[in-house]
Amino acid sequence: MEARLILVTGGARAGKSAFAQEWAQALGEPVSFIATAQALDEEMRQRIARHQAERPPSWETLEEPLEVPQALARALGRVVLLDCLTLWVSNLMLAGREVLPELENLLALWAETGKTLLVVSNEVGMGIVPDNALARRYRDLLGAANRRIAEEADVVYLLVAGIPLKLKSL
């Protein structure tokens, strides 16, 4: 299997995770799942539990809200599913870390691993301009991160209402 970078983006609840999971499963290789969510409240604990139940039990799960490049390096699977870039960017911002250099580190490490990396990320730039500086900074940083991943990606899908639209392919 040839290493590839695949970006799956779209709005919230558009079916991105399910689509990426189906793709990862269909590749027929061992899968590692990098989870960036943190269970900081009851609602998030329930979301995380639902996502865990949807994944095949044979998949390796690496729960890593900040050190995603290191998780990629540790991942045993030939296929790695990062779900999601959206929360990773938020986690880095709130930890006071620089997002784009961390992303460059992830891309450089991915290029060295020979693994297929599927990245799930929300598209947040299609709505209204947020009313506060933190939200605008987040929207701008996630937009820049999505553009950078898409630039390097072999394949990019946009999901709208559960329908995958191929934006880029080999």
Side-chain angles (χ1 to χ4, degrees), residues 3-124 138 141-143 145-146 148-150 152-153 155-159 162 164:
R4 291 185 290 176
L5 179 58
I6 301 157
L7 173 62
V8 178
T9 189
R13 310 303 306 157
K16 300 177 303 295
S17 294
F19 179 79
Q21 286 181 25
E22 289 170 13
W23 189 325
Q25 184 88 25
L27 291 174
E29 296 280 346
V31 177
S32 295
F33 186 95
I34 300 175
T36 59
Q38 298 178 80
L40 301 177
D41 59 36
E42 183 56 31
E43 187 266 340
M44 201 59 176
R45 278 188 279 284
Q46 291 175 9
R47 281 179 180 263
I48 290 170
R50 274 195 313 274
H51 275 275
Q52 289 170 336
E54 293 167 355
R55 290 195 296 270
S58 62
W59 287 12
E60 173 189 38
T61 297
L62 303 164
E63 295 182 1
E64 188 48 68
L66 292 170
E67 306 300 335
V68 169
Q70 293 82 345
L72 176 61
R74 290 192 320 268
L76 300 175
R78 293 275 308 127
V79 175
V80 178
L81 175 50
L82 169 58
D83 196 354
C84 66
L85 182 68
T86 313
L87 288 176
W88 185 44
V89 167
S90 174
N91 295 342
L92 289 171
M93 275 184 63
L94 295 175
R97 293 170 59 173
E98 292 295 324
V99 171
L100 298 179
E102 298 266 3
L103 181 64
E104 290 301 329
N105 187 25
L106 175 67
L107 288 170
L109 187 66
W110 162 75
E112 295 174 8
T113 67
K115 298 178 181 184
T116 292
L117 176 61
L118 291 98
V119 177
V120 174
S121 186
N122 283 26
E123 174 52 61
V124 296
Y138 172 71
L141 280 172
L142 183 58
N146 284 343
R148 184 67 183 103
I149 293 282
E152 292 295 322
V155 180
V156 178
Y157 274 93
L158 172 69
L159 268 85

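Not measured: the values here are computed from a predicted model. The chain is numbered in sequence order, starting from 1.
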Inset, instruction - Mark yes when over 12 heavy atoms from residues, nucleotides or ligands other than Glu63 sit less than 6.0 Å from its CD; otherwise mark no. - result: no
Inset, instruction - Measure the spacing between CE of Met44 and CD of Gln38 and express it to the nearest 0.5 Å. - result: 8.5 Å
Inset, instruction - Please work out whether the ring planes of Trp59 and Phe33 are parallel, tilted or perpendicular, with thresholds of 30° and 60°. - result: parallel
Inset, instruction - May I ask you to decide if Gly114's main-chain N or O and Arg78's side chain share a donor-acceptor pair within less than 3.5 Å? - result: yes
Inset, instruction - Taking all heavy atoms of Lys16 and all of Gly11, pick out the closest pair and write down the distance. - result: NZ-O, 2.7 Å
Legend entry - Given Leu141, Val124, Thr9, the one that forms side chain to side chain contact (heavy atoms under 4.5 Å, CB included) with Asn146: Thr9
Legend entry - Separation of Ile34 CD1 from Leu118 CG (nearest 0.5 Å): 11.0 Å
Inset, instruction - Check the pair Val155 / Trp23 against side-chain contact (heavy atoms from CB on, under 4.5 Å), numbers first and verdict last. - result: CA-CA 12 Å; Val155 180; Trp23 189 325; 3.5 Å; yes
Inset, instruction - Inspect the surroundings of CZ in Arg13 and state if more than 12 heavy atoms from other residues, nucleotides or ligands are less than 6.0 Å away. - result: no
Legend entry - Min side-chain heavy-atom separation Leu66-Leu92 under 4.5 Å: yes
Legend entry - Rounded distance (nearest 0.5 Å) linking atom CG of Leu7 with atom CG of Leu82: 10.0 Å
Inset, instruction - Evaluate the side-chain proximity of Tyr138 to Val99: yes if any heavy-atom separation is below 4.5 Å, no if none is. - result: no
Legend entry - Atom pair CG/CD of Leu72 and Glu112 - distance to nearest 0.5 Å: 10.0 Å
Inset, instruction - Using side chain to side chain contact (heavy atoms under 4.5 Å, CB included) as the criterion, point out the one residue from Leu158, Val8, Leu159 that pairs with Pro164. - result: Leu159
Inset, instruction - Would you indicate whether the side-chain heavy atoms of Gln52 and Thr61 approach each other to under 4.5 Å? - result: no
Legend entry - Salt-bridge present (Glu54, Arg50; N to O < 4.0 Å): no
Legend entry - Separation of Ser121 OG from Asp83 CG (nearest 0.5 Å): 9.5 Å
Inset, instruction - Starting at CG of Leu27, measure out to CD1 of Ile6 and round the result to the nearest 0.5 Å. - result: 6.0 Å
Inset, instruction - Might you point out which heavy atoms bring Leu85 and Ala145 nearest each other, and give the distance in Å? - result: CD2-CB, 4.1 Å
Inset, instruction - State plainly whether the residues Glu29 and Lys115 are in salt-bridge range, i.e. N to O under 4.0 Å. - result: no
Legend entry - Check: Leu76 main-chain N/O paired with Glu60 side-chain donor or acceptor under 3.5 Å: yes
Legend entry - Other residues, nucleotides, ligands: >12 heavy atoms within 6.0 Å of Glu98 CD: no
Legend entry - Nearest heavy-atom neighbours spanning Ala71 and Leu62: O-CD1, 3.4 Å
Inset, instruction - Could you tell me which non-hydrogen atom of Val79 sits nearest to which non-hydrogen atom of Ala24, and how far apart they are? - result: CG1-CB, 3.9 Å
Inset, instruction - Determine, stepwise, if the pair Arg47 / Glu43 fulfils salt bridge (Lys or Arg N to Asp or Glu O under 4.0 Å). - result: CA-CA 6 Å; Arg47 281 179 180 263; Glu43 187 266 340; 2.3 Å; yes
Legend entry - Minimum side-chain heavy-atom gap Trp88-Leu103 below 4.5 Å: yes
Inset, instruction - Identify the heavy atoms of Gly77 and Ser32 that sit nearest to each other, and give their distance. - result: N-OG, 2.8 Å
Inset, instruction - Report yes if some heavy atom in the side chain of Leu107 is under 4.5 Å from a heavy atom in the side chain of Ile149; otherwise report no. - result: yes
Inset, instruction - Using modelled atom types only, decide if a donor and an acceptor are shared between the side chain of Asn91 and the backbone of Thr36 within a distance under 3.5 Å. - result: yes
